Amino acid sequence: MLKARLAQNLGPISGLAIVAHAKGIFAKQGLDISVSNFTSGKQCLDTVLGGGADFATTAEAPVTAAAMAQQPIAFVAGMEYSDLKTMTAASAGIKTKADLRGKRIAFTAGTGSEVYTSVLLKAAGLTSKDVTLVNLRPQEMLPAMAAGSIDAFDTWEPHVANAKKALGEGAIPLDTKGLYSETFNIVVTQSYLAANPAIVSKFLASLIEAEGWLKANPGEAIDVIAAATGMKRDELASIWTDYVYHVRLDDRILTTLKTHAAWRLETGNHPPGASMPDFTKVLVTAPLKALDPARVTLGVRP
């Protein structure tokens, strides 16, 4: 068995990796994967860059930050995408995006939540000066709303569904559908990829097999992922269609990365002297293309 370490954001966004581990698909591919769980992709990628893990599950925000800091990362596959959402406190009276003016809004710095918040304010005709932004980790948002210290929060599932369940009538989702879709991806270091091409290949093959199993067995997949993430089955089932599981490298990923990097340049949220990264050097297509060329539809050369 080939050993490798996975730093995983423990949520349904990591569903394919969760299934691959729980259903013995990694083991079938000859991999012995040890998993460390985190609450954000940023923590996962930081762990990989610090040498504490080999594979990271992460969204685009940490990827653009690392690329702009010229960290030697290799983005080997996207595996999921889903919309970010806004939950509001009923007492705050937020019915439309414009009603966010003057409100206290929680977000998670350095993640897709921060970019989503920027996009949301722009869509509402507001700037960060029109609101009070509060930097919280996703798991801190519900307690903060329950305590009355924030009026709204911007994050990913299952934190939004958890708030609805815990607060009931006290929590009202804001309609922001289609405003910002976050990708969830697999990233390693360039040096790890160069030294362990067989492990990377087997890891991606496991995710592809997990995708096939998940789509063929959605009921059991919900059971497996709910159990792993500590969610109640019916809660995950109610938001299951929010998650689009697909192992690929496509132009949607490239566009998301470029949009995100442009946001960093526009807001100054980047290392000194940073410029737009050449994402064709960050997105490494060869391992996935060797497994299934149809999954690589990027308009770039490998």
Side-chain angles (χ1 to χ4, degrees), residues 9 11-17 40-46 48 55-71 73-86 107-123 138 154-157 160 176-188 204 207 211 241-271 274-285 287-289 295-302:
N9 181 333
I13 45 179
S14 295
L16 294 185
S40 78
K42 183 178 188 301
Q43 294 168 311
C44 297
L45 188 55
D46 285 348
V48 165
F55 291 84
T57 68
T58 181
E60 61 278 348
V63 173
T64 58
M68 285 181 157
Q70 299 187 323
Q71 298 272 18
I73 58 170
F75 184 123
V76 292
M79 60 173 179
E80 186 273 344
Y81 60 88
S82 50
D83 283 350
L84 268 71
K85 298 179 181 179
T86 298
F107 74 105
T108 307
T111 73
S113 161
E114 185 169 10
V115 188
Y116 166 72
T117 300
S118 173
V119 171
L120 173 60
L121 291 176
K122 199 173 281 187
D154 298 341
T155 193
W156 48 85
E157 292 289 11
V160 178
T176 61
K177 192 162 178 60
L179 195 63
Y180 186 85
S181 195
E182 184 174 68
T183 64
F184 218 62
N185 315 293
I186 299 295
V187 177
V188 297
L204 295 180
L207 294 184
E211 178 193 323
T241 55
D242 286 4
Y243 302 100
V244 183
Y245 297 107
H246 183 42
V247 181
R248 81 239 177 263
L249 285 168
D250 59 7
D251 285 331
R252 179 182 183 136
I253 288 172
L254 183 57
T255 299
T256 300
L257 289 170
K258 285 180 174 173
T259 301
H260 201 284
W263 168 82
R264 287 196 181 281
L265 292 171
E266 189 184 309
T267 58
N269 193 317
H270 58 76
S275 58
M276 176 64 74
D278 179 357
F279 286 111
T280 63
K281 292 189 169 66
V282 176
L283 295 164
V284 180
T285 61
L288 185 56
K289 192 174 267 187
R295 291 177 179 271
V296 180
T297 55
L298 275 166
V300 296
R301 293 182 181 280

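All residue numbers in this chain count up from 1 along the given sequence. Everything quoted here is computed from the prediction, not taken from an experiment.
Here the CG atom belonging to L298 is positioned 8.5 Å from the NZ atom belonging to K289, to the nearest 0.5 angstrom. Expressed to the nearest 0.5 Å, how far CZ of F75 lies from CD1 of I186 amounts to 9.0 Å. Going from atom NE2 of H246 over to atom OG1 of T183 covers 13.5 Å, rounded to the nearest 0.5 Å.
The salt bridge (charged side-chain N to carboxylate O under 4.0 Å, His left out) pairs that include a residue from residues 108-122 are K122-E266, where partners are two or more places apart or lie in different chains. For residues 55-66, no residue pair satisfies the salt bridge (charged side-chain N to carboxylate O under 4.0 Å, His left out) rule, not counting sequence neighbours.
Between M79 and E211 the shortest side-chain heavy-atom distance does not fall below 4.5 Å. When side chains are defined from C-beta on, D154 does not count as touching L84, because their heavy atoms never get closer than 4.5 Å. Residues Y180 and L120 form no side-chain contact, since every pair of their non-hydrogen atoms from C-beta on lies 4.5 Å or further apart.
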Walk me through whether V119 and W263 qualify under side chain to side chain contact (heavy atoms under 4.5 Å, CB included). CA-CA 9 Å; V119 171; W263 168 82; over 6 Å; no
CA sep, side-chain torsions, deciding dist, call: Y116, D83, side chain to side chain contact (heavy atoms under 4.5 Å, CB included): CA-CA 9 Å; Y116 166 72; D83 283 350; over 6 Å; no
Test side chain to side chain contact (heavy atoms under 4.5 Å, CB included) applied to M276 and L265, step by step: CA-CA 8 Å; M276 176 64 74; L265 292 171; 4.2 Å; yes
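For the pair I73 and V187, the tightest heavy-atom approach, listed with the atom from each and the gap, is CB-CG1, 3.9 Å. Across all their heavy atoms, A74 and V284 have their closest contact at CB-CG2, 3.7 Å. Between G110 and K42, the shortest heavy-atom contact is O-CD, 4.0 Å. Contact record, S113 with E182: N-OE2, 4.3 Å, taken as the closest heavy-atom pair. Pairing each heavy atom of I253 with each of G78, the nearest pair is CD1-CA, 3.8 Å. Scanning both residues, D242 and S82, for their nearest heavy atoms gives O-CB, 3.2 Å.
Take A65 and apply the side-chain contact (heavy atoms from CB on, under 4.5 Å) test, not counting sequence neighbours, and it matches R264. Residues passing the salt bridge (Lys or Arg N to Asp or Glu O under 4.0 Å) test with E157, sequence neighbours excluded: K85. Applying the side-chain contact (heavy atoms from CB on, under 4.5 Å) rule to P12 yields the partners P158, I225, T229, M231, L236, Y243, Y245; only residues at least two apart in sequence or on another chain are considered. Judged as a side-chain hydrogen bond (donor to acceptor under 3.5 Å, both in side chains), and not counting sequence neighbours, K258 has no contacts. For T108, there are no side-chain hydrogen bond (donor to acceptor under 3.5 Å, both in side chains) partners two or more places apart in sequence or in a different chain. In this view, R248 and D250 satisfy the side-chain hydrogen bond (donor to acceptor under 3.5 Å, both in side chains) rule, not counting sequence neighbours. Remark: T259 pairs with T255 by the side-chain contact (heavy atoms from CB on, under 4.5 Å) rule, at least two apart or across chains. T267 meets the side-chain hydrogen bond (donor to acceptor under 3.5 Å, both in side chains) test with no other residue; sequence neighbours excluded. Not counting sequence neighbours, the partners of N9 by the side-chain contact (heavy atoms from CB on, under 4.5 Å) test are I13, S14, C44, T57, W156, F184.
Under the side-chain contact (heavy atoms from CB on, under 4.5 Å) test applied with T285, the options L249, V76, T280 reduce to a single match, L249.
Side chains of Y81 and T256: a donor-acceptor N/O pair is absent below 3.5 angstrom, by distance only. When only modelled atom types and interatomic distance are considered, N185 and T58 share no side-chain donor-acceptor pair under 3.5 Å.
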